[in-house]
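Positions are given from 1, in the same order as the sequence printed here.
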Amino acid sequence: MADAIEWFEGGFDAALAAAREAGRSLFLYWGAAWCPPCNRVKYEIFGREEFPAQLQSMLAIQVDGDSPNAQALAARLKLRSYPTMVMYRPDGSEITRLPCELDGELFGEALMAARFAGKSAGESMAAALEGTRTLAPSEWTLLSNYSWDTDEGVLLQGRDLGVTLATLAQLASAAVTGEAPAAARQVEDAATRLRLHALVAQAGRVADAASPEFLLSVLADARVARANMDIFGNSGHQLVRAAPARHAELAAAMAKAAHVWAEDMWLSAPDRLTAVRLQMRMARLGHADASLPQLVRTRIEQALALVDDKYGRHTLVNTAVSALNDAGLPAEAEALLQASLAGSHSPYYFMLSLASSAKRRGDLPGMLNWYEQAWRAAVGPATRIQWGTTYLLALVDTTPGDTARIEAAAAGLAQDFAAAPDAFEQRNLSQAQKLLAKLPQDLPLAATLREKL
């Protein structure tokens, strides 16, 4: 259970001081109660029986984005996306950022690999790009497991993500030669994962004529494909779209791999459902399978019957809604959202999804009502600012003449900004900037934002 982890109490600076005194690494989890990937991490990773033991050699601290001054801390530590997981040395320097998409077993392996790599991801990347020394196989693994999506410029420092990843993949491939068999396979696996990340980062803007053959070779190797299931599950449709001449062939190969994962009982119910969603996405990209809509229904029903943990159910419902929409069953997706509100620990998140459903149906009043309900039900200062901004901007975009409703929403959101001690930090700052760019300038909230920004 996630509750079995011994989280440090007392704030980040106190945790870092304790880690320094004990000579231990520090593991930081940054997230939010409503965030589906965060809930997946709590269920699939933190909830694994062996995970507390894997953390025993470290201090662990969790920071919720709605806790007091959390956004100010996030600005200092370069945290933004929920969830972000960072490992620090006792001296406070970063070792690496870990990806949330890995299944629990692979995440545990990545955590331990980072713990014993001997170098930080930043040190390894600098050495690779500058050619100052030969990287150990463990360093290539460290780089391939780095959470590039949550880097926030820590490693990249202005570099282009796709170019950097492609370069690292080429360097790793070149490093395979001369290694002993086991080490060579480790480096080759790292090179494969880095190239997959590069293809996702460059999809739609950089043509790679060799990518179809590469992708087909990865999908044909069950072990390698399984090790990169997270990339295919979340971005497989982007990879297929980036190779239009081979759509059908790639979609069929990816659907075949997804079928295997969907049937793998070693995977969690949410991860198996993600594989079913990937099958559905491949059908939309040219891999015909008329049985899939019914399969989606069946798999969702089975998964919901298996999972009653609040974290697992939250991420499961979110994935199920996405799969139903991909299957062309939006009414069933909306019905599932409605049915999930009462039992959810974060119903206001599902209200946003209901607003999106109403928008797709062309029901603008329904969309605005769900956005308003979501904002009024939202809990936590940063969440209220984010939800309120979504609602107010939707009003401005769709009903600019409804001044009474816009003014009431702006006044309420002004109170949310006033109540947040870090109202103009990190994620809160992003929302304030969005508002200032679009709000009618005669609103008192606009004047306040101008003054603060």
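Between R97 and E152 no salt bridge is recorded (no basic side-chain N to carboxylate O distance below 4.0 Å). Ion pairing between a basic and an acidic side chain is recognised when a charged N comes within 4.0 Å of a carboxylate O; D160 and R205 show such pairing. With respect to the salt-bridge test (charged N to carboxylate O, under 4.0 angstrom), the residues R284 and D326 qualify. Classification of R193 and D230 as a salt-bridged pair holds, one side-chain N sitting under 4.0 Å from a carboxylate O. Between R427 and D66 there is no salt bridge, since no side-chain nitrogen of the basic residue lies less than 4.0 Å from a carboxylate oxygen of the acidic one.
Under the ring-ring contact (aromatic ring centres under 6.0 Å, His included) rule, H314 has a single partner from F350, Y43, Y348, which is F350. Here the options are R361, R360, K359, the test is salt bridge (charged side-chain N to carboxylate O under 4.0 Å, His left out), and the partner is D363; only R361 passes. Each of D416, T390, T389 was compared with W375 under the side chain to side chain donor-acceptor pair (under 3.5 Å) criterion, and only D416 meets it.
For the pair W140 and S144, the minimum side-chain heavy-atom distance is 4.5 Å or more.
Pairs passing the side-chain hydrogen bond (donor to acceptor under 3.5 Å, both in side chains) check and including a residue from residues 216-226, sequence neighbours excluded, read D103-R226, D189-R223.
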**Request:** Mind running salt bridge (Lys or Arg N to Asp or Glu O under 4.0 Å) on R405 and E372 for me, showing each step along the way?
**Result:** CA-CA 10 Å; R405 194 171 182 181; E372 182 175 12; 3.0 Å; yes

**Request:** Let me see the working for F12 and Y88 under ring-ring contact (aromatic ring centres under 6.0 Å, His included), right down to the final yes or no.
**Result:** CA-CA 11 Å; F12 177 79; Y88 297 90; 5.5 Å; yes

**Prompt:** So R246 and E213, salt bridge (Lys or Arg N to Asp or Glu O under 4.0 Å) or not? Walk me through it.
**Reply:** CA-CA 9 Å; R246 308 285 290 276; E213 293 300 333; 2.8 Å; yes

**Request:** Could you walk me through whether W387 and Y371 pass the ring-ring contact (aromatic ring centres under 6.0 Å, His included) test, one step at a time?
**Result:** CA-CA 8 Å; W387 264 237; Y371 278 144; 9.7 Å; no

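Partners of K438 under the salt bridge (Lys or Arg N to Asp or Glu O under 4.0 Å) rule, at least two apart in sequence or in another chain, are D397.
Remark: R40 is not positioned above the aromatic ring of F46, lacking an NZ or CZ atom under 6.0 angstrom from the ring centre and at most 45 degrees off the axis.
When atom types are taken as modelled, the side chain of S67 and the backbone of V63 share no donor-acceptor pair closer than 3.5 angstrom.
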